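Sharing a structure here in structure tokens format.
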Amino acid sequence: MGGLLGKVKSPLARRRIQNFIGNRRAHISLYIFIALFIITVFAEFVANDKPLLVRYESKFYFPIFKDYLETEFGGDIEIEAEYRDPYIQELIYEKGWIVWPVIRFKYDTIDYELEVPAPSSPSRSHWLGTDDGGHDVVALIIYGFRISVLFGIVLTIFSTIIGIIAGAVQGYFGGLVDLIFQRFIEMWASLPSLYLIIIITSIIEPTFGLLLVILLLFRWLSLVGVVRAEFLRVRNFEFVKAARALGVSNVTIIFRHILPNAMVSTFTFLPFILNGSIIALTSLDFLGLGLPPGSPSLGRLLAQGKANLQAPWLGVTSFVVLSVMLSLLIFIGEGIRDAFDPRRQLA
């Protein structure tokens, strides 16, 4: 963060970065969240049932990137090698070695060697135990964290773009355009979104893209009011009137002259919108209306904790992960809000 500060030339931007760095809780939360996100982005290198590297007969193999047949390692059947099979491991170790990920399970890997019925309690092989399907909980968390954050980021980006455009049109033109748009937004916001999602998902099998579209239909409303108020405030300023008098187009005035002022308040809302997007996906997964069965999901893991009270590690683990993730985003959002607070610019 200090290196970024040295490259910024604008005094206002430097002051905002300094204010954010001065908020120690937000500053540390940002680093923690980035570290967790980077780890989960490369989840296949951290938790996988395939080795990272295999050396066999002086040749190197990368099973994580490419599928190899069992016969490549001296097997008898031309099928994909099952590296967790003791027979395949014995063949490889006779003439080479294997480099495994830290966690030797993927989110959909079923451990058939459990000594107790699933869900099994934490052990040396499964640090946080397994769910009722025999899947490693740590692997589920890593992959579930990734898909939750990526879903939230994509939903936040698209909803922000639509919300900014809608609010800008309303606030800039005002009058009848603003009146009609406001009545439409009031009617649209009053629709029972949860019931619509239930109806749609009962007809069409939910996927990542479908859930994104469905939630986007309602999530874009989050920023409309903020952007609209900012445009209503700024549209009659002298520099806007001067631009109109010079014949500058409405599109140029909106995006070049007024929008930068509205972006200050918009940026402060983004972490909270991201937070709400992650909660929306988690809630749908918890209710069984989210991602398809078999997908890594923190909401589904939370539902398993509710259904398996005799396995408290499921509920406790999912609760802690969600709490930490959402708390970090809240702290980051508070830091951004304080950094853009005009009352702090003179501090």
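If you're wondering where the values come from, they're calculated on a predicted model, not measured in any experiment.
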**OP:** State yes or no: do Ile153 and Phe208 share one hydrophobic cluster built from I, L, V, M, F, W and Y residues joined by side-chain heavy-atom distances below 4.5 Å, directly or via other members?
**Re:**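 Yes, Ile153 and Phe208 fall within the same hydrophobic cluster.
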
**OP:** Assess whether atom CZ of Arg183 is packed by more than 12 heavy atoms of other residues, nucleotides or ligands within 6.0 Å.
**Re:**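 Yes.
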
**OP:** May I ask you to decide if Glu70's main-chain N or O and Glu78's side chain share a donor-acceptor pair within less than 3.5 Å?
**Re:**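 No, Glu78 side chain to Glu70 backbone: no donor-acceptor pair under 3.5 Å.
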
Subject >> Residue pair Asp111, Asp136: steps toward the side chain to side chain contact (heavy atoms under 4.5 Å, CB included) verdict >> reply: CA-CA 8 Å; Asp111 189 356; Asp136 186 75; over 6 Å; no

**OP:** Kindly indicate whether the side chain of Arg244, heavy atoms from C-beta on, has any atom under 4.5 Å from the side chain of Arg235.
**Re:**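 Sidechains of Arg235 and Arg244: in contact.
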
Original post:
Which atom pair, heavy atoms only, marks the closest approach of Gln304 to Asp131?
Top reply: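 Shortest heavy-atom contact: OE1-CB, 2.8 Å.
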
**OP:** Applying side chain to side chain contact (heavy atoms under 4.5 Å, CB included), run through Tyr87 and Asp76 and close with a yes or a no.
**Re:** CA-CA 11 Å; Tyr87 172 69; Asp76 302 321; 3.5 Å; yes

**OP:** Measure the CZ-CG distance between Phe173 and Asn250 for me, rounded to the nearest 0.5 Å.
**Re:**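 Here the rounded value is 4.5 Å.
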
Subject >> Heavy-atom closest pair, residues Ser277 and Thr156 >> reply: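 Taking Ser277 first and Thr156 second, the nearest heavy atoms are OG-OG1, 3.6 Å.
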
Original post:
Would you call Glu72-Lys59 a salt bridge at under 4.0 Å N-O?
Top reply: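 Between Lys59 and Glu72 there is no salt bridge, as every charged N stays at least 4.0 Å from the carboxylate O atoms.
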
Original post:
Do the ring centers of Phe65 and Phe45 come within less than 6.0 Å of each other?
Top reply: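 Ring centroids of Phe65 and Phe45 are less than 6.0 Å from each other.
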
Original post:
Does any non-hydrogen side-chain atom of Thr130 lie less than 4.5 Å from one of His135?
Top reply: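 They are not in contact (no side-chain heavy atoms under 4.5 Å apart), so the answer is no.
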
**OP:** Examine Phe105 together with His126 and report whether their ring centres are nearer than 6.0 Å.
**Re:**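 Under 6.0 Å, so yes.
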
Subject >> Spatial distance of atom CD1 (Ile279) from atom CG (Leu274) [nearest 0.5 Å] >> reply: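 If I round to the nearest 0.5 Å, the distance is 10.0 Å.
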
**OP:** For atom CZ of Arg256, decide whether the heavy atoms of other residues, nucleotides or ligands shown that lie under 6.0 angstrom number more than 12.
**Re:**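 At most 12 heavy atoms, drawn from other residues, nucleotides or ligands, come within 6.0 Å of this atom.
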
**OP:** Calculate, to the nearest 0.5 Å, the distance between atoms CG and CD1 belonging to Leu196 and Ile214 respectively.
**Re:**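 Reported to 0.5 Å precision, the distance equals 9.0 Å.
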
Subject >> Closest contact, heavy atoms only, Leu211 versus Leu291 >> reply: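 Where Leu211 meets Leu291 most closely, the heavy atoms are CD1-N, 3.5 Å.
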
Original post:
Are Leu232 and Val226 connected in a single hydrophobic cluster, I mean Ile/Leu/Val/Met/Phe/Trp/Tyr linked by side-chain heavy atoms less than 4.5 Å apart?
Top reply: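 Different clusters.
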
**OP:** Specify the closest pair of heavy atoms between Ile254 and Ala168, including all atoms of both residues, with the distance to one decimal.
**Re:**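 Nearest heavy atoms, Ile254 then Ala168: CG2-CB, 3.9 Å.
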
Original post:
Within the distance-only criterion (no hydrogens, no angle test), does the side chain of Ser148 pair as donor or acceptor with the backbone N or O of Gly144 below 3.5 angstrom?
Top reply: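 Looks like yes, one N/O pair under 3.5 Å.
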
**OP:** Identify the heavy atoms of Ala166 and Val224 that sit nearest to each other, and give their distance.
**Re:**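 That would be CB-CG2, 4.1 Å.
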
Original post:
From Ile180 CD1 over to Gln182 CD, what is the distance, rounded to the nearest 0.5 angstrom?
Top reply: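 Nearest 0.5 Å value for the CD1-CD distance: 12.0 Å.
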
**OP:** Report whether Ile278 and Leu287 are members of the same hydrophobic cluster (ILVMFWY, side-chain heavy atoms less than 4.5 Å apart, transitive linking).
**Re:**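 Yes, Ile278 connects to Leu287 through the hydrophobic network.
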
Original post:
Can you tell me how far the OG atom of Ser283 sits from the CG atom of Leu302, to the nearest 0.5 Å?
Top reply: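 Reported to 0.5 Å precision, the distance equals 9.0 Å.
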
**OP:** Step through the shown structure and confirm whether more than 12 heavy atoms of other residues, nucleotides or ligands are within 6.0 Å of CZ on Phe319.
**Re:**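 Atom CZ in Phe319 is not crowded, with 12 or fewer foreign heavy atoms closer than 6.0 Å.
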
Original post:
Hey, what's the ring geometry for Trp188 with Phe184, parallel, tilted or perpendicular (30° and 60° as the breaks)?
Top reply: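 Parallel: the ring planes of Trp188 and Phe184 meet at under 30°.
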
**OP:** Return the minimal non-hydrogen interatomic distance between Thr71 and Ile77, and the atom names on each side.
**Re:**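 Nearest heavy atoms, Thr71 then Ile77: CG2-O, 3.6 Å.
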
Original post:
Passes side chain to side chain contact (heavy atoms under 4.5 Å, CB included), Leu259 versus Tyr172? Steps please.
Top reply: CA-CA 10 Å; Leu259 186 59; Tyr172 179 77; over 6 Å; no

**OP:** Please tell me if the side chains of Phe181 and Arg228 come closer than 4.5 Å, counting only heavy atoms from C-beta onward.
**Re:**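 Side-chain contact under 4.5 Å: no.
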
Original post:
Do Glu230 and Arg233 come close enough that some side-chain heavy atom pair is under 4.5 Å?
Top reply: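 Glu230 reaches Arg233 side chain to side chain.
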
**OP:** Given side chain to side chain contact (heavy atoms under 4.5 Å, CB included), test Leu298 with Ser318 step by step and report yes or no.
**Re:** CA-CA 6 Å; Leu298 297 178; Ser318 53; 5.8 Å; no

Subject >> Atom pair CH2/OG1 of Trp220 and Thr160 - distance to nearest 0.5 Å >> reply: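 Going from CH2 on Trp220 over to OG1 on Thr160, the span is 13.0 Å.
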
**OP:** Answer yes if Leu322 and Phe37 sit in the same cluster of Ile, Leu, Val, Met, Phe, Trp and Tyr residues linked by side chain heavy atoms under 4.5 Å apart, and no otherwise.
**Re:**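 As far as the 4.5 Å side-chain criterion goes, Phe37 and Leu322 are connected within one cluster.
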
Subject >> Heavy-atom side-chain proximity of Ile92 to Trp97 below 4.5 angstrom >> reply: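 No - every pair of side-chain heavy atoms lies 4.5 Å or more apart.
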
Original post:
Taking the six-membered ring for Trp, are Phe33 and Phe145 parallel (under 30°), tilted (30 to 60°) or perpendicular (over 60°)?
Top reply: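 It falls in the tilted class, 30° to 60°.
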
Original post:
Does Tyr56 use its side chain to pair, donor to acceptor, with the backbone of Ile98 at less than 3.5 Å?
Top reply: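 Between the backbone of Ile98 and the side chain of Tyr56 there is no qualifying donor-acceptor contact (under 3.5 Å).
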
Original post:
Are Phe20 and Ile336 side-chain neighbours, meaning at least one heavy-atom pair lies under 4.5 Å?
Top reply: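 Side chain of Phe20 against side chain of Ile336, heavy atoms only: contact under 4.5 Å found.
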
Subject >> Pairwise side-chain contact, Leu328 with Ser29, heavy-atom cut-off 4.5 Å (strictly under) >> reply: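 SC-SC contact between Leu328 and Ser29 confirmed.
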
**OP:** Give the cluster check for Met325 versus Ile38: same hydrophobic cluster or not, with ILVMFWY residues linked at side-chain heavy-atom distances below 4.5 Å.
**Re:**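 Yes, because Met325 and Ile38 connect within a single hydrophobic cluster, where side-chain heavy atoms sit under 4.5 Å apart.
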
Subject >> Greater than 12 external heavy atoms within 6.0 Å of Phe60's CZ >> reply: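 Check passes, neighbour count above 12.
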
**OP:** Give a yes or no on this: more than 12 heavy atoms of other residues, nucleotides or ligands lie within 6.0 Å of atom CZ of Phe158.
**Re:**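 Count not over threshold, so no.
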
Subject >> Validation row, ring centre Phe73 to ring centre Tyr61 under 6.0 Å >> reply: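 Aromatic pair counts; centres sit under 6.0 Å.
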
Original post:
Considering only heavy atoms from C-beta outward, does the side chain of Leu215 approach that of Leu284 to under 4.5 Å?
Top reply: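 Result yes, sub-4.5 Å side-chain heavy-atom pair found.
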
Original post:
Within a reach of under 6.0 Å around CD of Glu186, are more than 12 heavy atoms found that belong to other residues, nucleotides or ligands?
Top reply: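 Check passes, neighbour count above 12.
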
